[in-house]
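See below for the structure under consideration.
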Amino acid sequence: MKAMAIAEIANSRILIVGGSSGMGLALARRTLAIGAEVIIVGRNEDKLKRTGAELQSAALSTVAADITQEGQVADLFERVGRLDHIVSTAADIEGAYELLPSLDLRAAQKVVESKFYGPLLLAKYGVPVLSPAGSITFTSGIAAYRPAARGSVVAAVNAGLEGLVRALAVEVAPIRVNAVSPGWVDTPIWTFVAGDKKDETLSAMAKRLPVGRVGQPEDIADAISFLMGNAFTTGTILHVEGGHRLV
């Protein structure tokens with residue numbers, strides 16, 4: 001990133017939903033290292049406590065909240081006050097990767113709640129506390145572009161989220177709204193997708209990708225940092241997927 005973009009993040013207050021693991025945790029670690037104040041939001045208080053102990057930073061605070069519950073989201077922003085950036089990497093996809101005959105509707109609804117309604121509520125209540133020069137960044141995914149059997153729900157929700165990003169970028173301007181679209185990234189979420197075949201599945205994809213590997217959480221943290229720091233980017237879906245759309 002250019003020096004100006006780094007300075008913008010270094011002097012900012014950043015709220016990261018889903019920051020206690022995977023991509024969100026990598027982003028929290030990265031932004032704390034350059035001097036940002038970070039607030040991590042998650043549903044599991046024990047997990048938040050472990051994250052705080054791991055990162056050990058005076059500039060870090062944690063808040064337990066469920067972004068699918070409107071009242072909790074409203075209370076969240078009343079508590080945290082002014083912000084410069086909001087990021088959400090949260091996704092509840094447990095049970096959603098199923099063929100249609102086995103798909104449980106409640107599992108599908110949880111994906112919609114965590115990856116569409118949650119971001120919508122974050123924007124609704126977060127915009128009033130954001131700096132006019134601030135940003136909102138959501139997390140879409142490769143499934144919207146390379147859907148596969150068992151992944152219809154996630155593909156549809158990712159596509160819907162990207163439509164929301166473009167609409168919000170117009171409605172809440174000059175606040176910027178973007179999304180990063182990761183490819184296959186080695187995070188704990190793969191436990192729900194592939195179970196005990198996680199390593200085998202990721203290894204097979206690495207051989208297919210032009211870059212010869214799957215992503216790491218730090219790859220996505222880098223992309224989100226760009227979207228936060230670049231003041232000329234809004235309504236954009238930034239693809240960070242190792243060339244997955246090409247194969």
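Heavy-atom basis, side chains included; hydrogens, waters and symmetry copies ignored.
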- line: Sorted by chain and number, sequence neighbours left out, salt bridge (Lys or Arg N to Asp or Glu O under 4.0 Å) with Asp219 holds for Arg213
message: Do Val153 and Tyr97 have side chains that approach each other closer than 4.5 Å (heavy atoms only, starting at C-beta)?
response: no
- request: Show your working on salt bridge (charged side-chain N to carboxylate O under 4.0 Å, His left out) between Arg106 and Glu113 and close with a plain yes or no.
  value: CA-CA 10 Å; Arg106 181 54 192 147; Glu113 290 169 356; 2.9 Å; yes
field: Distance-minimising heavy-atom pair for Arg30 and Ala221
entry: CD-O, 3.9 Å
Donor-acceptor pairs under 3.5 Å, side chain of residues 234-247 to any protein atom, not counting sequence neighbours: which ones?
{"unit_1": "Thr234", "atom_1": "OG1", "unit_2": "Val177", "atom_2": "N", "d": "3.0"}
{"unit_1": "Thr236", "atom_1": "OG1", "unit_2": "Thr234", "atom_2": "O", "d": "3.3"}
{"unit_1": "Glu241", "atom_1": "OE1", "unit_2": "Gly243", "atom_2": "N", "d": "2.7"}
{"unit_1": "Glu241", "atom_1": "OE1", "unit_2": "His244", "atom_2": "N", "d": "3.1"}
{"unit_1": "Glu241", "atom_1": "OE2", "unit_2": "Arg245", "atom_2": "N", "d": "3.3"}
{"unit_1": "Glu241", "atom_1": "OE2", "unit_2": "Arg245", "atom_2": "NE", "d": "2.6"}

- prompt: Passes side chain to side chain contact (heavy atoms under 4.5 Å, CB included), Ile136 versus Phe138? Steps please.
  reply: CA-CA 7 Å; Ile136 303 173; Phe138 298 131; 3.4 Å; yes
For residues 200-209, please give each side-chain donor-acceptor pair under 3.5 Å, one per line with the distance, not counting sequence neighbours.
{"unit_1": "Thr201", "atom_1": "OG1", "unit_2": "Lys197", "atom_2": "O", "d": "2.7"}

task: Apply the test side chain to side chain donor-acceptor pair (under 3.5 Å) to residues Glu70 and Tyr117: give CA-CA distance (whole Å), side-chain angles for both, the deciding distance (0.1 Å), then the verdict.
output: CA-CA 9 Å; Glu70 186 166 9; Tyr117 290 144; over 6 Å; no
- prompt: Can you check side chain to side chain contact (heavy atoms under 4.5 Å, CB included) on Ile9 and Ser225, steps first, answer last?
  reply: CA-CA 8 Å; Ile9 297 174; Ser225 296; 4.2 Å; yes
field: OG1-NZ distance between Thr139 and Lys115, expressed to the nearest 0.5 angstrom
entry: 6.5 Å
- prompt: If you draw a 6.0 Å radius around CD in Glu54, do more than 12 non-hydrogen atoms from other residues or ligands fall strictly inside?
  reply: yes
query: How about His85 and Thr137: do any of their side-chain heavy atoms sit closer than 4.5 Å?
result: no
query: Side chains of Leu76 and Val63: closer than 4.5 Å at any heavy-atom pair?
result: yes
More than 12 heavy atoms of other groups within 6.0 Å of Tyr145 OH: yes
field: More than 12 heavy atoms of other groups within 6.0 Å of Arg43 CZ
entry: no
- prompt: How many angstroms lie between atom OG1 of Thr62 and atom CG of Asn44, to the nearest 0.5 angstrom?
  reply: 11.0 Å
field: Spacing of Met228 atom CE and Ser12 atom OG [to the nearest 0.5 Å]
entry: 6.5 Å
message: So Phe77 and Leu83, do their side chains get closer than 4.5 Å, heavy atoms only?
response: yes
- prompt: Do Ile220 and Val185 come within less than 4.5 Å of each other through their side chains, counting heavy atoms only?
  reply: yes
- prompt: Can you hop from Val170 to Ile86 via hydrophobic side chains spaced under 4.5 Å?
  reply: no
field: Over 12 foreign heavy atoms within 6.0 Å of CD, Glu218
entry: yes
message: To check you understand the geometry: which heavy-atom pair defines the closest contact between Lys47 and Ser21, and what is its length?
response: NZ-OG, 3.6 Å
- prompt: Val17 and Leu15: side chain to side chain contact (heavy atoms under 4.5 Å, CB included), yes or no, with the steps?
  reply: CA-CA 7 Å; Val17 180; Leu15 184 143; 3.5 Å; yes
message: Looking at every non-hydrogen atom in both residues, tell me the closest pair between Ala179 and Val165 and how far apart they are.
response: CB-CG2, 3.8 Å
query: Roughly how far, to the nearest 0.5 Å, is the CZ atom of Arg176 from the OG1 atom of Thr233?
result: 6.5 Å
field: Side-chain donor/acceptor of Ser114 to backbone N/O of Ala91, under 3.5 Å
entry: no
query: Can you name the closest pair of heavy atoms from Ala155 and Ala143 and give their distance?
result: CB-O, 3.2 Å
message: Within the structure provided, determine whether Arg29 and Leu55 are in side-chain contact (heavy-atom separation under 4.5 Å).
response: yes
Approximate separation, where rounding is to 0.5 Å, of Ile142 CD1 and Trp184 CH2: 10.5 Å
Listing, residues 31-40 side-chain donor-acceptor contacts under 3.5 Å, not counting sequence neighbours, or none:
{"unit_1": "Thr31", "atom_1": "OG1", "unit_2": "Leu27", "atom_2": "O", "d": "2.8"}
{"unit_1": "Thr31", "atom_1": "OG1", "unit_2": "Ala28", "atom_2": "O", "d": "3.3"}
{"unit_1": "Glu37", "atom_1": "OE1", "unit_2": "Arg13", "atom_2": "NE", "d": "3.2"}
{"unit_1": "Glu37", "atom_1": "OE2", "unit_2": "Arg13", "atom_2": "NE", "d": "3.3"}
{"unit_1": "Glu37", "atom_1": "OE2", "unit_2": "Arg13", "atom_2": "NH2", "d": "3.3"}

- prompt: Is there a side-chain contact between Ile14 and Ile16, using heavy atoms and a 4.5 Å cut-off?
  reply: yes
field: Criterion side chain to side chain contact (heavy atoms under 4.5 Å, CB included) on Leu105 and Leu103, from CA distance to verdict
entry: CA-CA 6 Å; Leu105 182 60; Leu103 180 63; over 6 Å; no
query: Looking only at heavy atoms, what is the nearest atom pair of Thr187 and Pro217, with distance?
result: CG2-CG, 4.0 Å
task: Mind checking salt bridge (Lys or Arg N to Asp or Glu O under 4.0 Å) for Lys198 and listing every partner two or more places apart, or none if nothing turns up?
output: Asp186
- request: Work out which heavy atom in Glu162 is nearest to a heavy atom in Ser140; give both atom names and the distance.
  value: OE2-OG, 2.6 Å
field: With sequence neighbours excluded, residues passing ring pair (Phe, Tyr, Trp, His ring centres under 6.0 Å) with Phe116
entry: none
message: For a 4.5 angstrom cut-off between non-hydrogen side-chain atoms, does Leu227 reach Ser135?
response: no
Arg79 atom CZ, over 12 foreign heavy atoms within 6.0 Å: no
